[in-house]
Amino acid sequence: MDKTSRVIHLGCYKIGGDNPPQLQTMITTPLSDIKKAKDEVMRVWEMGCPIVRSAIRSISELDALAELADHFPGALIADIHYDYRLALGALDTKVKGIRINPGNIGGEERVRAIVEKAKLQKDVAIRIGVNAGSLEEDILKKYGGPTGEALVESTLRWTNFFEKELNFFNFKVSAKSSSVTESVKACLAIRKASDVPIHAGITEAGGGRAGIIKSSAGMAILFHHNVVDTFRVSLTAPVEEELRVGFQILKSMGRLNAGGEIISCPTCGRTHGALFAFAHELEELFDKWQWWKYPSLKVAVMGCEVNGPGEARDADIGMALGHGTALYFEDGDVVKRFSSHREAFDFLVLAVKNRWNIL
Ligand code: SF4
């Protein structure tokens, strides 16, 4: 889609317009365990994610929210449902974003109170987080359920309210469902109707393989149509896994001009040796090193002398297994021949470490 979003400010981070899509996550620790919550946000920060959300459930957690916002070097977003006083209280802390679902916050006047207070701080953004699980009754009735159209109507209703009634523009929206098709439909329609930045994602996608596939399928379409300003991969999994998948989606969609890429063949009857094990070992090392933090590097681990050399030659570093032998490639040329698969693989790992200056 040609139409781009407008730019908003979330603390020192610019979102929307030509700014790169920003990966976000949400901590799983409740604020009642502030020590653990602080540890978790710092793990997220160290993985290279500067925007993180925390749920706040009651007024009694406001002090912990303030402590967390003071502690986190990036932008903390308070995630609020039902009680608008939590949003007002959060705006007295150093949080840089408030996520509300206006449909469950108790009416327009309460939303107005939140927005008027947020307006006083120029770098605080709001997210209108519309969710299929908590749509307004009249909209559910009109569409007979939480369809993509229903998500769009709710989102645009509140977008209009923010812009036309409250003259507030420093906000983004999300319209999420656990259905890939309905979420995609909603995001595309919202972008067509408005320049408000979109926080994308497939909510409650699940865990493991299914969650990763649903998130990847939805995000790939949305990235392709250029409608992602920020996104979260919502998995029933620790934040680390969400972020690893998120960075992989960015890399796969060509939205990350850095990081490693592993090319490994699916194996077949021609495969020599332990290709599965080598590819798996390399993947684990990449994750341990947090591959997205390093300069671009394509590494190929291939199983035979038929298609292997072509792919290995095309990579920055590669190896192709033979019958008890292995060819090792760098920048398109064979630079070494090994008579042991293991030695070739260890040499390849060392070469990656050297290129990335990993000790
Ligand atoms: S590279 Fe060789 S071993 Fe691997 S799948 Fe292709 S033909 Fe089979």
Side-chain angles (χ1 to χ4, degrees), residues 180 205-221 223-224 233 235 237 241 243-358:
V180 174
R209 190 185 305 145
I212 292 171
I213 292 172
K214 275 177 90 171
S215 293
S216 307
M219 294 309 304
I221 302 170
F223 271 115
H224 177 72
V233 178
L235 296 179
E241 179 63 1
L243 291 177
R244 278 192 288 270
V245 174
F247 283 118
Q248 190 63 63
I249 291 174
L250 281 172
K251 183 74 181 166
S252 304
M253 295 308 296
R255 304 303 177 106
L256 188 65
N257 293 325
E261 183 181 2
I262 298 175
I263 310 290
S264 62
C265 76
T267 76
C268 71
R270 292 187 201 94
T271 308
H272 299 290
L275 196 275
F276 266 4
F278 289 139
H280 183 66
E281 197 176 327
L282 190 60
E283 205 174 306
E284 291 206 323
L285 284 169
F286 265 45
D287 280 349
K288 186 176 119 193
W289 296 330
Q290 301 187 351
W291 56 265
W292 52 90
K293 293 181 175 174
Y294 295 95
S296 290
L297 190 71
K298 200 192 265 191
V299 183
V301 184
M302 304 297 292
C304 79
E305 59 288 270
V306 179
N307 292 326
E311 288 287 355
R313 213 181 285 280
D314 193 46
D316 298 303
I317 294 174
M319 65 186 262
L321 303 181
H323 186 61
T325 60
L327 294 176
Y328 172 80
F329 299 77
E330 276 192 17
D331 304 316
D333 295 319
V334 178
V335 295
K336 228 166 161 34
R337 289 165 202 276
F338 288 87
S339 52
S340 148
H341 291 170
R342 184 76 232 180
E343 275 178 30
F345 180 73
D346 289 346
F347 193 82
L348 176 138
V349 169
L350 196 61
V352 175
K353 287 174 80 173
N354 285 339
R355 294 244 183 151
W356 282 348
N357 281 324
I358 294 170

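Both counts, for ligands and for their atoms, begin at 1 and track the order of listing. All of these numbers come straight from a predicted model, not from anything done at the bench. Numbers for residues simply follow the sequence, beginning at 1. Computed from heavy atoms alone, side chains included, the values below leave out hydrogens, waters and symmetry copies.
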Problem - Side chains of D314 and K298 in contact at under 4.5 Å (non-hydrogen atoms) - result: yes

Exercise for the section: Answer yes or no: is there a side-chain heavy-atom contact under 4.5 Å between F286 and V352? Expected result: yes

Handout entry: Lys/Arg-Asp/Glu bridge criterion (N-O < 4.0 Å) met for D331, R355
Key = yes

Completion exercise
If you scan protein heavy atoms around atom 4 (Fe) of ligand 1, the nearest is C265 SG, 2.5 Å

Practice task
Could you pull out the closest heavy-atom pair between E311 and A300, with the gap in Å?
Solution key: O-CB, 3.9 Å

Practice task
For ligand 1, note which part of T267 has a heavy atom under 4.0 Å away: side chain, backbone, both or neither.
Solution key: backbone

Completion exercise
re atom 8 (Fe) of ligand 1, the protein heavy-atom contact at minimum distance is C268 SG, 2.3 Å

Problem - Per-atom contacts, ligand 1 versus M302 - under 4.0 Å to a heavy atom - result: 1 (S)

Handout entry: Heavy atoms from other residues, nucleotides or ligands near CZ of R342 exceed 12 (cutoff 6.0 Å)
Key = yes

Exercise for the section: Tell me which protein heavy atom sits closest to atom 2 (Fe) of ligand 1, plus the residue, atom name and distance to 0.1 Å. Expected result: C304 SG, 2.2 Å

Problem - Closest protein heavy atom to atom 7 (S) of ligand 1, given as residue, atom name and distance to 0.1 Å - result: R270 NH1, 3.3 Å

Practice task
Among all protein heavy atoms, pick out the one at the shortest distance from atom 3 (S) of ligand 1; state its residue, atom name and that distance to 0.1 Å.
Solution key: T271 OG1, 3.3 Å

Problem - Identity and distance of the protein heavy atom lying nearest atom 6 (Fe) of ligand 1 - result: N307 ND2, 3.5 Å

Problem - Side-chain heavy atoms of M319 within contact of F345, under 4.5 Å - result: yes

